[in-house]
Amino acid sequence: MKTKGIIIGLSLALCLIAFFMRDWFLTFFTTEIIGENFLFNDSQPLSQQIFPTLIFVFSFGIIPFLYLFVKNYCKISSTKNQVLSLLIITGSGLIIFGMRVIYLKYRIAQIRDLLKRAEFTSDGDLPGINYQDMHLESYILAGVLVGWLLSLIIFRKASNQRAF
């Protein structure tokens with residue numbers, strides 16, 4: 001019971017931290033992808049901001065519960081394996097998110113290069129990608145869930161091999 005209380009508290013703390021750092025996080029990576037300073041404006045309706053914010057907060061808040069599920073389901077007792085499980089879950093979230101950022105950065109560079117060579121527009125008129133279309137929050141959540149499945153597969157096989 002004490003472990004579940006700690007996990008719930010940690011999850012709520014991660015959700016709160018994710019809620020407050022969302023704009024900074026998106027601004028930082030959007031600037032990295034586009035290559036220019038970016039500020040959020042109030043032009044986007046609130047109804048379109050709620051769902052991505054919930055996905056972002058949920059993707060951080062679910063990590064302790066996924067870790068607890070892996071720990072209990074695979075019966076992981078050693079501290080080394082518990083830390084490894086947590087690293088697999090968070091690491092895969094970061095890797096899949098990083099792959100999305102690299103892909104978007106490549107696409108922006110490709111679009112700009114194509115338009116510059118075609119000489120259709122000047123530098124100021126080059127199109128880009130809208131930050132709502134990047135779906136960065138969804139890729140973090142997908143990465144965390146892939147890490148959870150990967151961790152389950154790895155440690156379930158390890159516990160099955162120890163049984164024989």
message: Tell me whether Tyr139 at atom OH has more than 12 heavy atoms from other residues, nucleotides or ligands lying less than 6.0 Å away.
response: no
- prompt: Are any of the side-chain heavy atoms of Ile8 and Phe65 separated by less than 4.5 Å?
  reply: yes
task: Answer yes if Ile89 and Ile96 sit in the same cluster of Ile, Leu, Val, Met, Phe, Trp and Tyr residues linked by side chain heavy atoms under 4.5 Å apart, and no otherwise.
output: no
- prompt: Within the side chain of Thr90, is there an N or O that forms a donor-acceptor pair under 3.5 Å with the backbone of Leu86?
  reply: yes
field: Beyond-backbone contact of Ile55 with Ile140, side-chain heavy atoms, under 4.5 angstrom
entry: no
- prompt: Roughly how far apart are Cys74 SG and Phe69 CZ, rounded to 0.5 Å?
  reply: 8.0 Å
message: When you measure from the side chain of Ser11 to the backbone of Gly61, do you find a donor-acceptor pair of N or O atoms at a distance under 3.5 Å?
response: yes
task: Please name the pair of heavy atoms, one in Gln82 and one in Tyr67, separated by the smallest distance, quoted to 0.1 Å.
output: OE1-OH, 3.3 Å
- prompt: How many angstroms lie between CG in Leu68 and CD1 in Ile62, if you round to the nearest 0.5 Å?
  reply: 12.0 Å
task: Verify the ring-centre separation between Phe51 and Phe56: is it less than 6.0 angstrom?
output: no
- prompt: Within the distance-only criterion (no hydrogens, no angle test), does the side chain of Arg107 pair as donor or acceptor with the backbone N or O of Ile102 below 3.5 angstrom?
  reply: no
field: Heavy-atom side-chain proximity of Arg22 to Val57 below 4.5 angstrom
entry: no
Separation between CD1 of Ile63 and CG of Leu145, rounded to the nearest 0.5 Å: 10.0 Å
task: Using modelled atom types only, decide if a donor and an acceptor are shared between the side chain of Ser151 and the backbone of Gly147 within a distance under 3.5 Å.
output: no
- request: Evaluate whether atom CZ of Phe19 has more than 12 neighbouring non-hydrogen atoms of other residues, nucleotides or ligands under 6.0 angstrom away.
  value: no
Side chain Ser92, main chain Val146, donor-acceptor under 3.5 Å: no
task: Flag the pair Met134 / Tyr103 as yes when at least one side-chain heavy-atom distance between them is below 4.5 Å, and no otherwise.
output: no
query: Does the side chain of Val144 come within less than 4.5 Å of Phe60's, by heavy atoms?
result: no
field: Leu66 reachable from Tyr73 in the ILVMFWY side-chain graph, under 4.5 Å edges
entry: yes
message: With a 4.5 Å cut-off on side-chain heavy-atom distances among I, L, V, M, F, W and Y, is there a chain of contacts connecting Phe20 to Ile50?
response: no
message: Hydrophobic cluster membership, with links at side-chain heavy-atom distances under 4.5 Å among I/L/V/M/F/W/Y: are Val83 and Ile153 in one?
response: no
- line: One should read off an interatomic distance between Thr53 OG1 and Glu137 CD, to the nearest 0.5 angstrom, of 7.0 Å
message: Within this structure, what is the CG-CE distance for the pair Leu94 and Met99, rounded to the nearest 0.5 Å?
response: 12.5 Å
query: For the hydrophobic clusters of this structure (ILVMFWY residues joined by side-chain heavy atoms under 4.5 Å, transitively), does one cluster hold both Val70 and Leu141?
result: yes
query: Out of curiosity, Ile88 CD1 to Leu84 CG, how far, rounded to the nearest 0.5 Å?
result: 4.0 Å
